[in-house]
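What follows is a short report on a single structure.
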2 protein chains.
Amino acid sequence: MARDSSATKARLLDAAFSEFAAYGIAGARVDRIAEAAQANKRLIYVYYGNKEQLFDAVLQRALETGSESVPFDADDLPGYAGAVFDHLVAHPALMRLVVWKQLERPGATDAEGASYRGKIAVVVEAQRTGRIDAALDPADILTLVLGLSQAWFGAVGGPAAGGAGTGWTPERLARHRAAVVEAVRRITAPPQDTP
Amino acid sequence: MARDSSATKARLLDAAFSEFAAYGIAGARVDRIAEAAQANKRLIYVYYGNKEQLFDAVLQRALETGSESVPFDADDLPGYAGAVFDHLVAHPALMRLVVWKQLERPGATDAEGASYRGKIAVVVEAQRTGRIDAALDPADILTLVLGLSQAWFGAVGGPAAGGAGTGWTPERLARHRAAVVEAVRRITAPPQDTP
DNA sequence: AGCAAGTAACTATCTGGTTATTGACATGTG
DNA sequence: CACATGTCAATAACCAGATAGTTACTTGCT
């Protein structure tokens with residue numbers, strides 16, 4: 001039990017995820033991560049190199065699991081926006097992590113760029129087949145849909161804080177979710193969509 | 001010239017603005033701020049108390065000048081969104097500062113809460129007079145409009161980085177601005193808006 | 001002189017990262 | 001079997017540099 005290096009690595013990664021989500025890269029404390037993981041600080045350097053690389057590992061895993069559980073669907077962008085919204089609300093730490101990354105490590109990684117270009121291509125195709133209004137630039141569509149899905153995070157009284165209970169009641173959240181979905185529908189629906 | 005305390009205070013505030021926008025609260029360095037302001041570090045504590053209070057002062061001034069130069073107009077939300085967009089693009093440091101604040105100091109201040117409630121009231125009135133679709137919750141409208149205006153910041157290849165040149169060409173930026181304005185129009189326009 | 005503005009040097013503490021060492025387990029050898 | 005050897009996981013103590021905040025002092029203006 002005490003000699004399982006992969007378990008220790010995983011505990012460190014989990015602890016680092018929480019720490020980075022809460023404090024960002026600059027604010028995160030290596031000692032706190034080690035303590036929360038019940039591991040020795042040294043092992044962070046053995047397994048992950050240094051604080052920055054640990055952050056990279058945390059972010060990569062978080063984004064992987066994120067894009068796995070919310071597959072992109074250009075044929076139903078309102079549904080996709082709702083799914084992204086649900087996932088972020090369910091995992092506010094992931095939301096915070098992404099924002100920290102945006103501030104402290106701007107610029108897209110190769111994986112992000114590839115995923116982005118893939119989505120663009122799918123949107124273009126959906127525009128060609130008439131399922132998305134072709135008047136808007138596909139890159140703009142993507143940006144706006146994501147922006148709408150994440151808008152709650154920046155809202156006044158929004159749950160930018162730590163983890164759980166955050167001022168928004170479930171009803172309020174559900175209503176906002178519906179508003180996001182409807183907004184995406186109005187933006188992306190092709191003309192003459194309401195017969 | 002060398003003995004003008006208000007000028008020194010202003011220089012410190014400017015330097016602190018840049019520093020906090022670039023590195024956040026945890027990442028900001030008091031020594032760097034003093035050096036950039038060509039002032040003695042001690043004066044930060046004399047004039048502003050400590051690092052956190054200095055951040056508060058920076059944020060307050062930034063938000064004040066922000067809301068001054070972009071007045072809220074519920075009767076023309078697309079135009080308002082465009083104006084917010086323009087202002088943030090012209091002052092990316094302000095955008096970053098707001099996001100840092102959201103992460104490192106969650107929760108709305110009294111001033112923010114008041115401004116928010118004021119906007120809500122104006123939106124409600126605009127819905128009553130039929131200038132905004134009344135089907136959506138006013139709080140959601142506000143959140144979505146702001147989210148759209150800021151969506152570019154989170155975009156792939158977006159200018160989350162430092163200050164100036166950031167991958168987005170002026171043309172790309174103008175196109176995205178038009179997309180934001182059009183998106184807000186589609187979301188907020190009352191039914192039967194196109195005669 | 002007297003007061004406000006400004007400064008250099010200092011300190012206590014923190015923090016990322018490292019060194020030297022120990023403990024556990026497996027394997028090969030006589 | 002008994003025992004030496006090598007390897008991997010883990011640990012405690014340590015260190016050099018950084019950092020927020022302070023103390024005691026000087027400068028310049030009226």
Side-chain angles (χ1 to χ4, degrees), chain A residues 1-62 96-97 100-101 103-106, chain B residues 1-62 96-97 100-101 103-105 162:
Chain A
M1 194 191 303
R3 300 252 121 200
D4 184 346
S5 74
S6 71
T8 306
K9 280 177 81 164
R11 283 203 319 278
L12 280 171
L13 210 59
D14 288 343
F17 176 82
S18 299
E19 178 78 9
F20 283 126
Y23 303 105
I25 302 179
R29 294 293 166 250
V30 188
D31 287 323
R32 265 199 305 248
I33 293 174
E35 187 188 350
Q38 300 203 65
N40 191 279
K41 181 169 56 150
R42 183 75 234 276
L43 299 179
I44 289 175
Y45 299 94
V46 170
Y47 293 140
Y48 296 102
N50 60 27
K51 193 176 161 183
E52 297 248 322
Q53 290 172 268
L54 177 59
F55 180 81
D56 291 342
V58 164
L59 184 72
Q60 186 183 338
R61 196 194 54 167
R96 291 178 57 88
L97 198 72
W100 284 118
K101 185 262 175 186
L103 286 171
E104 301 192 278
R105 298 206 135 205
Chain B
M1 196 190 302
R3 299 250 127 195
D4 184 347
S5 73
S6 70
T8 305
K9 280 177 79 163
R11 283 203 319 278
L12 281 171
L13 210 58
D14 288 343
F17 175 82
S18 299
E19 178 77 10
F20 283 126
Y23 303 104
I25 302 178
R29 295 294 166 249
V30 182
D31 287 324
R32 266 199 305 248
I33 293 173
E35 187 189 350
Q38 300 203 61
N40 190 280
K41 180 170 54 153
R42 181 76 234 275
L43 299 178
I44 289 175
Y45 297 93
V46 171
Y47 295 139
Y48 296 101
N50 58 29
K51 192 175 159 183
E52 297 249 320
Q53 289 171 271
L54 177 59
F55 179 81
D56 291 341
V58 164
L59 185 72
Q60 187 183 338
R61 196 194 55 166
R96 292 178 56 90
L97 198 72
W100 284 119
K101 185 262 175 188
L103 286 171
E104 301 192 278
R105 299 203 135 208

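Keep in mind that what you see is a predicted model, and the values were worked out from it rather than measured. No hydrogens, no waters, no symmetry mates; every other heavy atom, side chains included, goes into these values. Numbers restart at 1 for each chain; the letters A, B, ... are given by sequence-line order, proteins then strands.
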Across all chains, not counting sequence neighbours, the side chain to side chain donor-acceptor pair (under 3.5 Å) partners of A:K51 are none
A:L43 atom CG is separated from C:dT19 atom P, nearest whole Å, by 16 Å
By side-chain contact (heavy atoms from CB on, under 4.5 Å), A:D56 pairs with (sequence neighbours left out) A:R105
Residue set satisfying side chain to side chain donor-acceptor pair (under 3.5 Å) with A:R61, at least two apart, ordered chain then number -> A:D14
Whole-Å distance, B:E35 CD to D:dA18 C1', equals 15 Å
Rounded to whole Å, the CD-C1' distance (B:E19 to D:dA20) equals 13 Å
| said: So, OP1 or OP2 of C:dG6: does either fall under 4.0 Å of a side-chain N or O from B:T8? | reply: yes
B:Q53 CD to D:dA20 P, in whole Å, measures 15 Å
To the nearest angstrom, the CG-P distance between A:L12 and D:dA9 comes to 13 Å
Does A:I33 reach the side chain of A:L54, with side-chain heavy atoms less than 4.5 Å apart?
-> yes
For residues 19-61 of chain A, the ring pair (Phe, Tyr, Trp, His ring centres under 6.0 Å) pairs (sequence neighbours left out) are A:F20-A:F55
Between CD1 of B:I44 and P of C:dG6 the distance, given in whole Å, is 13 Å
Taken to the nearest whole Å, CG/B:D4 to P/D:dC29 is 12 Å
Applying side-chain contact (heavy atoms from CB on, under 4.5 Å) to A:A39 and not counting sequence neighbours gives A:T8, A:R11, A:L12, A:A37, A:L43
Counting primed atoms, P, OP1 and OP2 as sugar-phosphate and everything else as base, the B/S/- map of nucleotides 8-17 of chain C against protein heavy atoms under 4.0 Å is B------SBB
